[in-house]
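Reckoned from all heavy atoms, side chains included, excluding hydrogens, waters and symmetry mates. For this chain, numbers begin at 1 and follow the sequence in order.
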Amino acid sequence: MSSLEELHLKAANLYEEKKLPEALNLYQEIIKLNPIDEVALSCVMDIYLELDDKFNYYLSRANVNIGQNKLEYAISDTKKALELDCENIDARRKLARLYKIDNKPLKAIDEFLRILELDPKELDPYFELVDLYMKEQSIDSAITTAKQALEVYPNDPNLKNLLSQLYFRINDFESALAVVEDEFLKIKILLQAEKNEEAKSLIDKIDYNKLNELEKKSYHILKAQYLYNNKDYEKSLQEIESYTKLKAPDAVSFQMKALVYEELNDNFNAHLNWGFCYKFRNKLDDALVEFDNAYKENKNDKTVLIELAKIYELNKERFVAMEYWQKVYDVDKDETAREKLAEFYYSEGNFEKAREYGREIEQKEENYVGLIDRIMSFFSKK
């Protein structure tokens with residue numbers, strides 16, 4: 001019997017014996033181990049009801065509704081709890097986060113601000129508010145909030161880095177550098193501010209062998225940017241490759257490559273990498289433009305042809321997609337392209353072309369013909 005099963009059994013026995021506080025403690029232990037345990041959540045709610053603790057009853061009923069993804073009911077229950085104790089910070093935090101996940105950011109903001117009115121030393125509302133303000137594209141409010149947080153916690157490195165990142169977003173590099181704590185973030189800001197030698201002096205002080213994997217990734221991409229700034233494009237590409245060996249290619253690496261290839265006047269690879277950059281950011285229309293530009297530079301590159309075919313498929317433009325799958329097939333008789341073409345022609349009823357691409361259709365074609373015969377037979381009856 002697992003520990004959870006044992007706890008459930010003990011809690012159920014205590015509940016049956018009406019030892020409610022002891023049963024409540026056990027059920028709360030179960031919830032710590034498994035926050036979505038429906039039985040434990042329901043039993044906690046029932047115990048608070050029997051104890052006539054309406055405040056905690058409503059909060060626990062909210063948890064049951066959260067477990068069942070009934071957010072509106074959970075919000076309603078949490079508000080009922082706050083009617084009984086309007087200054088309870090934990091309940092107000094629950095309501096704020098419920099509003100946030102229910103996509104009601106302005107109400108969430110109001111609740112987090114209310115928490116700070118009750119206690120300015122509550123740390124997590126500052127981070128929550130910055131996140132919400134950024135999603136609402138109100139960076140000035142985000143900066144103001146981060147600065148307020150630093151007044152309360154002047155030595156908190158996470159808050160300093162957060163404020164630095166916000167300044168960085170609006171290209172206020174001097175303000176960003178004035179508060180930054182993280183070395184890698186500082187290097188990034190220096191490079192963007194074109195203070196290349198200051199950035200290089202910090203890069204040179206880094207002991208690569210002592211870095212963890214995430215830090216090594218940052219090291220390579222920052223060094224690539226430094227080399228790019230110094231117009232050493234070939235070495236910049238080498239650092240990007242080192243980055244992608246530690247991390248699968250992503251939007252950042254493709255963007256960096258695109259910028260380098262632009263400087264090298266390599267239009268094909270510039271467009272190709274911009275295409276992948278936009279694709280990773282799910283900007284398919286922009287990706288399509290860039291892959292099309294790459295195609296114009298080299299009409300026989302298989303990678304470009306495949307990407308164009310895939311995007312046109314996603315856009316539900318089957319006929320255009322098949323034109324590109326045909327081009328892929330013409331390059332080297334690609335197996336995936338062959339299968340795509342065979343299925344396409346079969347779905348269009350062009351069995352001869354489908355057979356040409358290896359589609360086994362004899363039996364299905366007979367069934368198709370048989371169906372036509374039966375339909376004709378039916379309508380010829382008097």
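By the 4.5 Å heavy-atom criterion applied to side chains, Val320 and Asn315 are not counted as neighbours. Looking at heavy atoms from C-beta onward, Phe291 lies out of side-chain contact with Ile306 at the 4.5 angstrom threshold. Inter-residue side-chain proximity for Tyr133 and Thr144 is flagged as unmet; no heavy-atom pair is nearer than 4.5 Å.
Minimum interatomic distance between Ala40 and Ile30 (heavy atoms only, all atoms of both residues): CB-CG2, 3.8 Å. The shortest non-hydrogen separation linking Ala342 to Ala354 is O-CB, 3.7 Å. The shortest heavy-atom contact between Leu185 and Ser164 is CD2-OG, 4.0 Å. For the pair Ser138 and Ser141, the tightest heavy-atom approach, listed with the atom from each and the gap, is OG-OG, 2.9 Å. Counting all heavy atoms, side chain and backbone alike, Leu84 lies closest to Phe55 at CD1-N, 3.6 Å. Nearest heavy-atom pair, Ala11 versus Ala23, reported as atom, atom and distance to 0.1 Å: O-CB, 3.8 Å.
Counting only residues at least two apart or in different chains, salt bridge (Lys or Arg N to Asp or Glu O under 4.0 Å) contacts with residues 12-25 comprise Glu17-Lys19, Lys18-Glu50.
Judged by the 6.0 Å distance and 45° axis criteria, Lys299 is positioned over the aromatic ring of Tyr295. Figure legend: cation-pi geometry between Lys333 and Tyr329, with NZ or CZ positioned under 6.0 Å from the six-membered ring centre and within 45° of its axis.
One finds a salt bridge joining Asp90 and Arg93 here, because a Lys/Arg side-chain nitrogen approaches an Asp/Glu carboxylate oxygen to under 4.0 Å. Looking at Lys104 and Glu111, no side-chain N of the basic residue comes within less than 4.0 Å of a carboxylate O on the acidic one, giving no salt bridge. Ion pairing between a basic and an acidic side chain is recognised when a charged N comes within 4.0 Å of a carboxylate O; Glu356 and Lys353 show such pairing. Remark: Asp119 does not engage Arg92 in a salt bridge, criterion side-chain N to carboxylate O under 4.0 Å. Between Lys186 and Asp182, none of the side-chain N atoms (NZ, or NE/NH1/NH2) sits under 4.0 Å from a carboxylate O, so this pair counts as no salt bridge. In summary, Glu29 and Lys32 engage in a salt bridge, as defined by a charged side-chain N under 4.0 Å from a carboxylate O. Taking a cutoff of 4.0 Å between a charged side-chain nitrogen and a carboxylate oxygen, Arg114 and Asp110 do not qualify as a salt bridge. Ion pair Lys135/Asp131 flagged as a salt bridge, since at least one NZ, NE, NH1 or NH2 atom sits closer than 4.0 Å to an Asp/Glu carboxylate oxygen. The existence of a salt bridge linking Glu262 and Lys257 is excluded, since no basic side-chain nitrogen approaches an acidic carboxylate oxygen closer than 4.0 Å. Ion pairing between Lys310 and Glu313 fails under the 4.0 Å rule for side-chain N and carboxylate O.
Distance check, rounded to the nearest 0.5 Å: NZ of Lys223 to OG of Ser242 gives 9.0 Å. Rounded to the nearest 0.5 Å, atoms CG (Leu222) and CG (Leu190) are 10.0 Å apart. Taking CG of Asp266 as the start and OH of Tyr233 as the end, the distance is 13.5 Å to the nearest 0.5 Å. Here the CD1-OG1 distance, from Ile139 to Thr145, works out to 11.5 Å after rounding to the nearest 0.5 Å. To the nearest 0.5 Å, atom CD1 of residue Ile187 and atom CD of residue Glu198 are 11.5 Å apart. A distance of 9.0 Å separates OG of Ser76 from OH of Tyr73, quoted to the nearest 0.5 Å.
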Evaluation steps, side-chain contact (heavy atoms from CB on, under 4.5 Å), between Asp77 and Lys70 | CA-CA 11 Å; Asp77 285 331; Lys70 298 177 180 177; over 6 Å; no

Walk me through it: do Lys200 and Asp204 pass the test salt bridge (charged side-chain N to carboxylate O under 4.0 Å, His left out)?
-> CA-CA 6 Å; Lys200 181 65 163 55; Asp204 289 342; 2.8 Å; yes

Could you walk me through whether Leu129 and Ile109 pass side-chain contact (heavy atoms from CB on, under 4.5 Å), step by step?
-> CA-CA 6 Å; Leu129 282 166; Ile109 288 169; 3.9 Å; yes

Run the side-chain contact (heavy atoms from CB on, under 4.5 Å) check on Leu159 and Leu163 step by step: do they pass?
-> CA-CA 6 Å; Leu159 285 172; Leu163 181 57; over 6 Å; no

Start with the C-alpha gap between Gln192 and Gln225, add the side-chain angles, then the distance that decides, and say whether side-chain hydrogen bond (donor to acceptor under 3.5 Å, both in side chains) holds.
-> CA-CA 9 Å; Gln192 200 65 25; Gln225 187 174 348; 3.3 Å; yes

Test Glu72 against Ile75 for side-chain contact (heavy atoms from CB on, under 4.5 Å), laying out the working first.
-> CA-CA 5 Å; Glu72 288 187 17; Ile75 289 169; 5.7 Å; no

Please test Tyr167 against Phe173 for ring pair (Phe, Tyr, Trp, His ring centres under 6.0 Å), starting from the C-alpha separation and ending with a verdict.
-> CA-CA 7 Å; Tyr167 281 132; Phe173 303 129; over 10 Å; no

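Around atom CD of Glu335, more than 12 heavy atoms belonging to other residues, nucleotides or ligands sit under 6.0 Å away. Counted within 6.0 Å of CZ on Phe280, heavy atoms from surrounding residues, nucleotides or ligands total more than 12; the atom is thus considered enclosed. Environment of CD1 in Ile101: crowded, with over 12 heavy atoms of neighbouring residues, nucleotides or ligands closer than 6.0 Å. Heavy atoms from other residues, nucleotides or ligands lying under 6.0 Å from NZ of Lys217 number more than 12.
For the residue pair Asn300/Lys327, the side-chain donor-acceptor check at 3.5 Å is not satisfied. Judged by distance alone, the side chains of Asn196 and Asn229 do bring a donor and an acceptor atom under 3.5 Å apart. Side-chain contact annotation: Asp330 with Gln326, donor-acceptor N/O pair under 3.5 Å present. Asp53 and Asn56 form a side-chain donor-acceptor contact under 3.5 Å, judged by distance and modelled atom types alone. There is a side-chain donor-acceptor pair under 3.5 Å between Asp250 and Tyr243. Looking only at atom types and distance, the side chain of Asp37 has a donor-acceptor partner in the side chain of His8 under 3.5 Å away.
At least one donor-acceptor pair under 3.5 Å links the side chain of Ser347 to the backbone N or O of Phe344. A distance-only check finds no donor-acceptor pair linking the side chain of Asp102 to the backbone of Leu98 [under 3.5 Å].
The aromatic rings of Phe254 and Phe276 sit parallel to each other, their planes meeting at less than 30°, with 60° as the upper class boundary. Using bins of under 30°, 30° to 60° and over 60° for the plane-to-plane angle, the ring pair Tyr312/Tyr324 lands in the parallel bin.
Contacts of Tyr226 classified as side-chain hydrogen bond (donor to acceptor under 3.5 Å, both in side chains), with partners at least two apart in sequence or in another chain: Asn230. Every residue meeting the side-chain contact (heavy atoms from CB on, under 4.5 Å) condition with Asn212, not counting sequence neighbours, appears here in chain and number order: Leu214, Glu215.
In this structure, Val252 is a member of the same hydrophobic cluster as Phe168, with clusters built from ILVMFWY side-chain heavy atoms closer than 4.5 Å. Val180 is not connected to Leu150 by any chain of hydrophobic side-chain contacts under 4.5 Å among Ile, Leu, Val, Met, Phe, Trp and Tyr, and they are in different clusters.
Considering Arg338, Lys340, Glu343, Glu339 in turn, Arg338 is the only one that fulfils the side chain to side chain contact (heavy atoms under 4.5 Å, CB included) rule with Tyr357.
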